[in-house]
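Just below is one structure, and these are the notes that go with it.
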There are 2 protein chains.
Amino acid sequence: MNYVELLKQNNLKATPQRLKIVEVLYMKGHLNIDEIYRVLKNSFPSISLATIYKNINSMIEISFLSEVKIPQQKSVYELTKSEHAHVVCSKCNSILDIELDTSDIVTQASKLSHYNLDKSSIVFNGICSECSSKG
Amino acid sequence: MNYVELLKQNNLKATPQRLKIVEVLYMKGHLNIDEIYRVLKNSFPSISLATIYKNINSMIEISFLSEVKIPQQKSVYELTKSEHAHVVCSKCNSILDIELDTSDIVTQASKLSHYNLDKSSIVFNGICSECSSKG
DNA sequence: CTGACTGCAAACGTTTTGCACGGTA
DNA sequence: TACCGTGCAAAACGTTTGCAGTCAG
């Protein structure tokens, strides 16, 4: 997968700052704005928060990134993939992507609501195995 | 169900403003901060947004209200009920509560994640029947 | 070379805080 | 009566905007 080309196809220039955001999200999976800012500062000490916001927003606009809203927490951002659910640890806040077969609940929801559904956003909360074993 | 007593049990006084917020959420189901403010202004023309915020927050703290985070929209607030999913119309923004049997996906999610899950937050997006028929 | 991007500072919108007054219990 | 809650104004946040200089294509 070539990020540079994908950005250019959407009329976004492949600047070092932008590519770093993509790289960081690719490696870490999910980060909130502050976390992205802090990491980018390592590579670009004079980077501005405004640049982070502008880039996040422009890449969301082309559906290259997605915002994930999590109950009682700040939103995090991720590279857009096929639809999937998230599992969040209530202790350490680690976030995991999982691919669920949602056909059953989508059918249920359609019948109950009579809405024509096309998207679902599913977040589970719980304790990860690491935090469980630590007591 | 007696709201006044429930509030008192949690050391919150049953002020007219607070009771109105509860009443409005009971009747309308889901409202965001601005909507609550606008409605409350009818009954209390001099009410302050700060009062709305303080009350929403104090009632969330005692789990009397819940915040519902919806992708690409402002959060809305509702009276806390038993766990349920939400269906949101992407055209008119109407929100519906639905009770799903989530045991299957919770099982899936537990197996895939190895997290000890205790809560799920599910929001579907789609078009409601009214908006569908209107084209 | 040109338009898009960066970084700074200022503006903006939202939420929180401090305080004097008023109302609930 | 003792506090808690209200409403106002100010402060604190988080995010967006405008602009001059810089860089990618």
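Throughout, a chain's letter reflects where its sequence line sits, starting with A, and its residues are numbered from 1.
- Counted by atom type alone, H30(B) and E78(B) present one or more donor-acceptor pairs between their side chains at under 3.5 Å.
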Under 3.5 Å, N/O pairs linking protein and nucleotides 17-21 of chain C:
unit_1  : atom_1 : unit_2 : atom_2 : d
dG18(C) : O6     : K54(B) : NZ     : 3.1

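- Using a 3.5 Å distance cut-off with no hydrogens or angles, the side chains of Q73(A) and N93(A) do pair a donor with an acceptor.
- Atom pair M59(B):CE and dC4(D):P shows a separation of 17 Å (rounding to whole Å applied).
- Contacts of T51(B) with the nucleic acid, taken as non-hydrogen atoms under 4.0 Å apart, include base atoms.
- S94(B) and Y115(A) share a donor-acceptor pair across their side chains, judged by distance under 3.5 Å alone.
- For the pair Q17(A) and dG7(C), the criterion of a side-chain N or O lying under 4.0 Å from OP1 or OP2 is met.
- Summary of the strand contacts: I33(B) and V4(B) both lie near DNA chain C, and taking for each the nucleotide with the nearest heavy atom, the more 5' one is attributed to I33(B).
- Between K20(B) and F44(B), the closest side-chain pair of non-hydrogen atoms falls below 4.5 Å.
- In this structure, K74(B) places its NZ atom 15 Å from C1' of dG14(D), rounding to the nearest Å.
- Remark: the S66(B) side chain and the T80(B) side chain contain an N/O donor-acceptor pair separated by less than 3.5 Å.
- Between the C1' atom of dA4(C) and the CG atom of N55(A) lies a distance of 11 Å, rounded to the nearest Å.
- Across the protein-nucleic acid pair, I47(A) atom CD1 and dA9(C) atom C1' stand 17 Å apart, rounded to whole Å.
- No donor-acceptor contact under 3.5 angstrom links the side chains of N55(B) and Q17(B), judged on distance only.
- Atom CD of E83(B) sits in a crowded spot, with more than 12 heavy atoms from other residues, nucleotides or ligands closer than 6.0 Å.
- Within residues 7-16 of chain A, the residues approaching DNA chain C are L12(A), K13(A), T15(A), by heavy-atom distance under 4.0 Å.
- Following rounding to the nearest Å, L19(B) (CG) and dG23(C) (P) show an atom-to-atom distance of 16 Å.
- When the side chain to side chain donor-acceptor pair (under 3.5 Å) test is applied to K81(B), the partners found at least two apart in sequence or on another chain are D97(B).
- For the pair R18(A) CZ and dC23(D) C1', the interatomic distance rounds to 12 Å; values are reported in whole Å.
- Separating the CD atom of E61(A) from the P atom of dC5(C) is a distance of 12 Å, rounded to the nearest angstrom.
- Residue V88(A) forms a side chain to side chain contact (heavy atoms under 4.5 Å, CB included) with just one option from I95(A), V76(A), V68(A), and that option is I95(A).
- A close approach under 4.0 Å does not occur between any side-chain nitrogen or oxygen of S48(B) and OP1 or OP2 of dC8(D).
- Rounded to an integer number of Å, the gap from CD of E5(B) to P of dT24(C) is 16 Å.
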